[in-house]
2 protein chains.
Amino acid sequence: MKESKYVTIYKEWKEKIESGQIAEGERLPTESSLMESYQVSRDTVRKSLNLLEQNGYIQRGRGRASLVMPKQRYTFPLSEIASFQEVNKLSNAHAETEVVNLDILQDSHKIKKIFQQSVNGEVYELIRVRRMKDEAVILDKDYFVRDVVPRLPLNECKVSVYRYLEEELGLQISYAVKEITVQKANAEDYELLDMGDYNMVVVVKSHTYLENNTLFQCTESRHRPDKFRFVDLAKRKL
Amino acid sequence: MKESKYVTIYKEWKEKIESGQIAEGERLPTESSLMESYQVSRDTVRKSLNLLEQNGYIQRGRGRASLVMPKQRYTFPLSEIASFQEVNKLSNAHAETEVVNLDILQDSHKIKKIFQQSVNGEVYELIRVRRMKDEAVILDKDYFVRDVVPRLPLNECKVSVYRYLEEELGLQISYAVKEITVQKANAEDYELLDMGDYNMVVVVKSHTYLENNTLFQCTESRHRPDKFRFVDLAKRKL
DNA sequence: CAGTGGTCTAGACCACATT
DNA sequence: ATGTGGTCTAGACCACTGT
């Protein structure tokens, strides 16, 4: 499946903006000049600009060329489906991952409780601890449906599970529903994390769905409060 | 300025989905039948469907009609620019608002510190406490640039400031940048909120911008941890 | 005023889902 | 095989921005 023209154009300008080739506050070329340079129709150009706008890179308006937004406004560590590796890259913080446990769960009652809905077959349980500067600050508990992920090599868990799922298994991840709450730390948190003085954790629960709308993963990510930060760009809803 | 056709169609179907006239898991009419019933071009129909998809109401895919998503996935209490009143309505919880203080700040140094950037002129400072079931659980500190909001009637603060800004002043709110962190509670939190056993608060800081890209408001919303919940729909980024 | 983006139309081809 | 949505094109009119 070839990449669409408008995605190509989008990526090109996204890159230019991210790399700072176009300073914030600068204007993009007009739609007509973009049509000219790429030899495409206006609709195609506008689709690219739509993507740039939706992802917070530019702001558009009648009668004026698109404006490049300040960088801060499009670096969302968590509002997209981002794995720890990606967040890590953005924050420049050296971090390490330790696999605590990799197991297979068969008790359908227990599985249903974790996923908060019934799931066919077995699931992998992957528990990992994330370390920053030698402090254990994040506890990740991932659960994968084995009907979709039949094998989960241990060495892939140490790097990026998402990379393995998308590139090796060819899974098309579509969207995830995430919920953030703050809870009292439990025994497991105290055992596996360096909690220091803190007695609470930030809990990010997420359910991840494929293109064909099937639930295939859920995650519970428990953060020490000082190591948690979420940035979001909220647009006025129609 | 008349409302566009595609926005009208979008709102109509959004309403149908929210009210449950179309059950989750059901399919929408096909694009061609929508063109037929509204007597519009395909592009117009597709713009409406784009909006529905972006806001998490439907899921689309090649070769099949759009699918209505489960309700849970589009009730985001905080991922849009939602005022307390709107969130309140969704959560069915009876809540009250008490205005603690309404003041005008003139010290440009102090203002700059609050906004984290320089701002022209004076700003309103509005401090409110939100009560649920007679417990003070949220502390809201709003700051409005007086160049944009010259007057801020006290009685409007008790209801919805956003309603006043949009309907009375005709301001076009465009987007907001929000940041969520968890911090130790300070003296003010203990004084104004019923903190109970808790010693931390969830801090939501947001900067709100108008259509013309000017910063006109910033807010610091401090929540007791048990009364904080954030739900988000994350799409795979291109 | 000219230029720009916002909306709308009509028609075309393709890839994929369903049957 | 048919129908569906995904992409692309070409042309049109209007509302707003900037000068």
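For clarity, every value in this text was computed on a predicted model and none was experimentally measured.
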Can you pull every protein N or O that's under 3.5 Å from an N or O on nucleotides 17-19 of chain D?
| from | atom 1 | to | atom 2 | distance (Å) |
| --- | --- | --- | --- | --- |
| D:dT17 | O4' | A:Gly63 | O | 3.4 |

Original post:
For B:Ser206, what residues pass the side chain to side chain donor-acceptor pair (under 3.5 Å) criterion, not counting sequence neighbours?
Top reply: none
Original post:
C:dT7, C:dT4, D:dT4: which one has an atom nearest the side-chain heavy atoms of A:Ser32?
Top reply: C:dT4
Subject >> Gap between atoms OH and P, on A:Tyr38 and D:dT7 respectively (whole Å) >> reply: 18 Å
Original post:
Residues two or more places apart in sequence or in another chain: which of them pass side-chain contact (heavy atoms from CB on, under 4.5 Å) with A:Ser33?
Top reply: A:Pro29, A:Thr30
Subject >> Non-neighbouring partners of B:Gln21 that pass side-chain contact (heavy atoms from CB on, under 4.5 Å), sequence neighbours left out >> reply: B:Lys16, B:Ser19
Subject >> Selection from C:dG6, D:dT7, D:dT4 that lies nearest to any side-chain heavy atom of A:Arg46 >> reply: C:dG6
Original post:
Name the one of A:Ile114, A:Thr214, A:Ile111 that satisfies side-chain contact (heavy atoms from CB on, under 4.5 Å) with A:Val119?
Top reply: A:Ile111
Original post:
By side-chain contact (heavy atoms from CB on, under 4.5 Å), which residues pair with A:Arg60, not counting sequence neighbours?
Top reply: A:Glu31, A:Arg46, A:Leu49, A:Asn50, A:Glu53, A:Ile58, A:Ser66
**OP:** Verify the contact: side-chain N or O of B:Tyr6 to OP1 or OP2 of C:dC8, cut-off strictly under 4.0 Å; return yes or no.
**Re:** no
**OP:** Output all residues satisfying side chain to side chain donor-acceptor pair (under 3.5 Å) with B:Glu156, sequence neighbours left out; order by chain, then residue number.
**Re:** B:Arg163
Original post:
With sequence neighbours left out, what residues match A:Glu12 under side chain to side chain donor-acceptor pair (under 3.5 Å)?
Top reply: A:Tyr38
Original post:
How long is the line joining CZ of B:Arg60 and P of C:dA17, in whole Å?
Top reply: 16 Å
Subject >> For atom CD of B:Glu3 and atom C1' of D:dC14, their distance in whole Å >> reply: 17 Å
**OP:** On the 0 to 90° scale, with breaks at 30° and 60°, tag the A:Phe216-A:Phe144 ring pair as parallel, tilted or perpendicular.
**Re:** tilted
Subject >> Angle by which the axis turns from one end of the helix from C:dC1-D:dG18 to C:dT18-D:dA1 to the other, five pairs per end, to 10 degrees >> reply: 10°
**OP:** Whole angstrom is fine here: how far is it from CD1 in B:Ile9 over to C1' in C:dC8?
**Re:** 11 Å
Original post:
With the sugar-phosphate defined as primed atoms, P, OP1 and OP2, and the base as all remaining atoms, what B/S/- string results for nucleotides 9-14 of chain C, 5' to 3', for protein heavy atoms under 4.0 Å?
Top reply: B--B--
Subject >> Pairs meeting criterion salt bridge (charged side-chain N to carboxylate O under 4.0 Å, His left out) with involvement of residues 115-124 of chain B, two or more places apart >> reply: B:Glu122-B:Arg146
Subject >> Results of side-chain contact (heavy atoms from CB on, under 4.5 Å) for B:Asp107 - residues two or more places apart only >> reply: B:His109, B:Lys110
Original post:
Partners of A:Tyr143 by side chain to side chain donor-acceptor pair (under 3.5 Å), sequence neighbours excluded?
Top reply: A:Glu125
